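Read the structure below first, then the notes.
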Amino acid sequence: MRLKLYNSLTRTKEEFKPLKKGVVGVYVCGPTVYGHAHLGHAKSYVGFDILVRYLRYLGYSVTYVQNITDVGHLTDDADEGEDKVGEAARREKKHPMALAELYTRSYFEDMDRLNCVRPDISPRASGHIIEQIELVKTLLEKDYAYEVNGSVYFDVSKFADYGKLSGRNVEDMQAGARVEISPDKKNPADFALWKKAEPNHIMQWPSPWGMGFPGWHLECSVMSMKYLGKTIDIHGGGLENQFPHHECEIAQSQAANDAQFVRYWLHNNMVTVDGQKMGKSLNNFITLKQAFSGAHEKLTKHYDPMAVRQLILNSHYRSPLDFSDAALFAAHSGHEKLTETVKAVRKRMLQAPNGPIETKLAKQLRQFRVKFEAAMNDDLNTSVALSVLFELARVANKLLDQNTTDQTLSAIDALFGRLGDDVLGIVKHQYEEQVSDEVIDKLVRFWIQRRNQARRNKDFALADGTRAELDNIGIVLEDGPDGTTTWRWK
RNA sequence: GGCGGCGUGGCCAAGUGGUCUAAGGCGACGGUUUGCAAAACCGUUAUUCGCCGGUUCGAAUCCGGCCGCCGCCUCCA
C-alpha cells in the first residue's frame, strides 16, 4: 500500500506521488514571531513533523521549508491593521528585528523540546524583500495587479480559481461583513501585495511604488518558489489559513508563474482548551513554556514536552484537538509506560543470554510494522500507529518476565527505534538518567541524618562505616563544633 | 449571513457498508507477582456508536429530519 494524503484542494485522499521521483519539497507556513509559541503551534508543527519524518522513513529525500514571518502580518484585516511584529516591538520596547529574533529563538527552543526535526530552511520574510518586490512587478506587468497611492493590490476578479481551495465564491461572500472595505480597492476581495508605509512605520523598504512593506501572503509564494520551485509537492498549514492566506498564495503564484502552485494541500485542524477556542482574551491561552512549566491556572502540573507530543499524536491531524489537564495527564501516563518499557528492554538487552529470535515472534514484529505502515499510509493515522507501539510494549513486557534472548530484545528495541523514534518521535535514542545537584544533596543529607542517629546511639561502628562508605564515593563529611555536619566533594 | 466539521464506554480516541457483540491509551475494579508497595502481566469495565425515520440481505458507517457542540470567514498555527 502506498501513502495516501488528504488533499484539501480535491477534498479526497489521494495517493501521494511527488513531481520528481524520490524527492519531495514540503513547505509549511511558519509562525509569526511576535510572541511565544502556544499549544496551537504545537499541534500544527508536530503534525507536519510527522509528515516529514514519515516521508523520510519511506525513503524520500525531503526538503523541508518553513518560513519565519517577521514582517507584513497585520493585526487586523489583511489590509488595515498594524504590523504584528511592529506592534509587539513597540509594546516591549524593542527593535522589531530584535523582537523577531527573540521569539524565533523561543520558537526553535520549544519545537526542539517537542522533538520536532528542524526545517532544512527557515527563511525570513524580511530577508526576501527583493524577491517579493520582483513578484509584485511581475504581477503588475501581467495586469493581475494595480497600484493605488503607493500600495499594490491583487485583482481577484482576474483570477478565476480564487476561492477554489476553501470552497468559497467571491460573489457569495458578504463583502466587508466584518471588515471595513478599503476605499483603494476595486473589489473588496482584492488583497494587498505591497503596502505603502507611513513615515513612523519602522519596517519599510524602498520599492518602485515608494517606501513600503510586503503584504503577508506574498512571502510564502516567494520563498516556496525560491527554495522549492514554481510547483511544489506539499504545502501545509493551519486550517485557519486556508482562507484567505492560502487562496491568495495560489492566486499570486499561479498568476505569476502560469504553473500549478501546489500539488497537495494539507491542513491541520485547530486546538481548543477545555472545549473552547483558545484565545488571548479567554484566559485559556496556554503557551508551550507554560505547559512545560505548569505555570497556568488551567494546569495542575507541569507536562513533559513528550506528553504534549503524545497527546497530539493520539488523535488525527485533521481532527480538532481539545487540550485539557485530564487529557494531558492521560497522555503523560501513556508516554511514561512506553518509555519505561523501552528503557527496560535496553537494560535487559545487555545481560540477556545469547540466542536468536523466535520465528513466531519475528513474524509478529513484522506484522506490527505492517499495521503501523498501513495506518501511516492512510493519511497519517497516528492514533492507530501509536496503538501499535502499545501492543509492542505489551509483548515486550511479557518477554521481560521470561528469560528471553538478546537477539529478541534487540529486535524489539530496533522496532521501537524505527517506529517510535524515527517516525513518531516519542521514543528517544538514549535516556540519560540525569541526577541534579539538588537530589544528590538530599541523598547525602539523608545519610548524614542516619549517621548522626547512629552517633547519638553510640553506635560508632555504624557511624564510622557510613562515613567511610561516603568517602569511597568521594564525599567528605565534616562535623562542625556545633554538632552540624556538612559535606563536600573530595 | 456564507463555508465547514463534530457528537463512539467514566475521560481521550480510532474505525466511515459485512472480519465491529467497535483498536489503542488513561481511569476504575478484581486477580497474578511482591515482606509491603511501585512497575509489569491477566481479567472486567459500549450487544452499542446524539435522537427519530429511511435505503439495504446487512449501517457506528449511506440518505432525510431533529437536537446538541465546535471551528473558519477578525486576531490566531
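These numbers come from the heavy atoms of this one structure, side chains and all, not from hydrogens, waters or symmetry mates. Bear in mind that the values here come from a model prediction, so they are computed numbers and not experimental data.
A centroid separation of less than 6.0 Å is found between the aromatic rings of Y54(A) and Y57(A). For H302(A) and F292(A), the ring centers sit 6.0 Å or farther from each other.
Residues that satisfy the side-chain contact (heavy atoms from CB on, under 4.5 Å) test with F329(A), not counting sequence neighbours, are K301(A), Y303(A), S333(A). Partners of K371(A) by side-chain hydrogen bond (donor to acceptor under 3.5 Å, both in side chains), not counting sequence neighbours, listed by chain and number: E391(A).
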If a protein heavy atom is under 4.0 Å from the base, mark B; if only from the sugar-phosphate, S; if neither, -; do that for nucleotides 8-17 of chain B going 5' to 3'.
----BSSS--

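Computed from coordinates, the M376(A) CE to rA23(B) P distance equals 22 Å when rounded to whole Å. The CZ-P distance, from F329(A) to rG27(B), rounds to 7 Å in whole Å. Across the protein-nucleic acid pair, R394(A) atom CZ and rA39(B) atom C1' stand 16 Å apart, rounded to whole Å. As rounded to whole Å, 16 Å separates atom C1' of rG25(B) from atom CD1 of I312(A). Remark: C1' of rG4(B) and CG of L239(A) are 8 Å apart, rounded to the nearest angstrom.
The nucleotide rA28(B) finds its pairing partner in rU44(B), both defining distances of the Watson-Crick or G-U wobble pair being shorter than 3.5 Å. Of the nucleotides present, none pairs with rU34(B) by Watson-Crick or G-U wobble criteria with both distances under 3.5 Å. The nucleotide rG71(B) finds its pairing partner in rC3(B), both defining distances of the Watson-Crick or G-U wobble pair being shorter than 3.5 Å. Base pairing annotation: rU16(B) forms no Watson-Crick or G-U wobble pair, as no partner gives both donor-acceptor distances under 3.5 Å.
rC3(B) and rU16(B) have their C1' atoms separated by 23 Å, given to the nearest Å. Across the C1' atoms, rC69(B) and rU8(B) are found 15 Å apart, a figure rounded to whole Å.
Within 6.0 Å of atom NZ in K164(A), 12 or fewer heavy atoms from other residues, nucleotides or ligands are found, so the atom counts as exposed in its surroundings.
In this structure, the nucleotide among rC75(B), rA77(B), rC70(B) sitting nearest to the side chain of Q276(A) is rC70(B). Of the candidate nucleotides rG24(B), rC70(B), rA77(B), rA77(B) has the atom nearest to the side chain of V271(A).
Below 30°, between 30° and 60°, or above 60°: for H246(A) and W265(A) the angle between ring planes is between 30° and 60°, a tilted geometry.
Using modelled atom types and a 3.5 Å distance limit, the side chains of S319(A) and N269(A) yield no donor-acceptor pair.
When the side-chain nitrogen and oxygen atoms of N397(A) are compared with OP1 and OP2 of rC41(B), one or more of them lie within a distance under 4.0 Å. Listed pair K343(A) / rA39(B) fails the phosphate criterion, with no side-chain N or O lying under 4.0 Å from OP1 or OP2. One finds a side-chain N or O of K398(A) lying less than 4.0 angstrom from the OP1 or OP2 phosphate oxygen of rC42(B).
Among the protein residues, Y45(A) comes within range of the sugar-phosphate backbone only, with heavy atoms under 4.0 Å from sugar or phosphate atoms but none that close to a base. Within 4.0 Å of G238(A), counting heavy atoms only, lie sugar-phosphate atoms of the nucleic acid but no base atom. Using a 4.0 Å heavy-atom cutoff across all strands shown, G47(A) reaches no nucleic acid atom at all.
To the nearest 0.5 Å, atom CG of residue L299(A) and atom OG of residue S293(A) are 8.5 Å apart.
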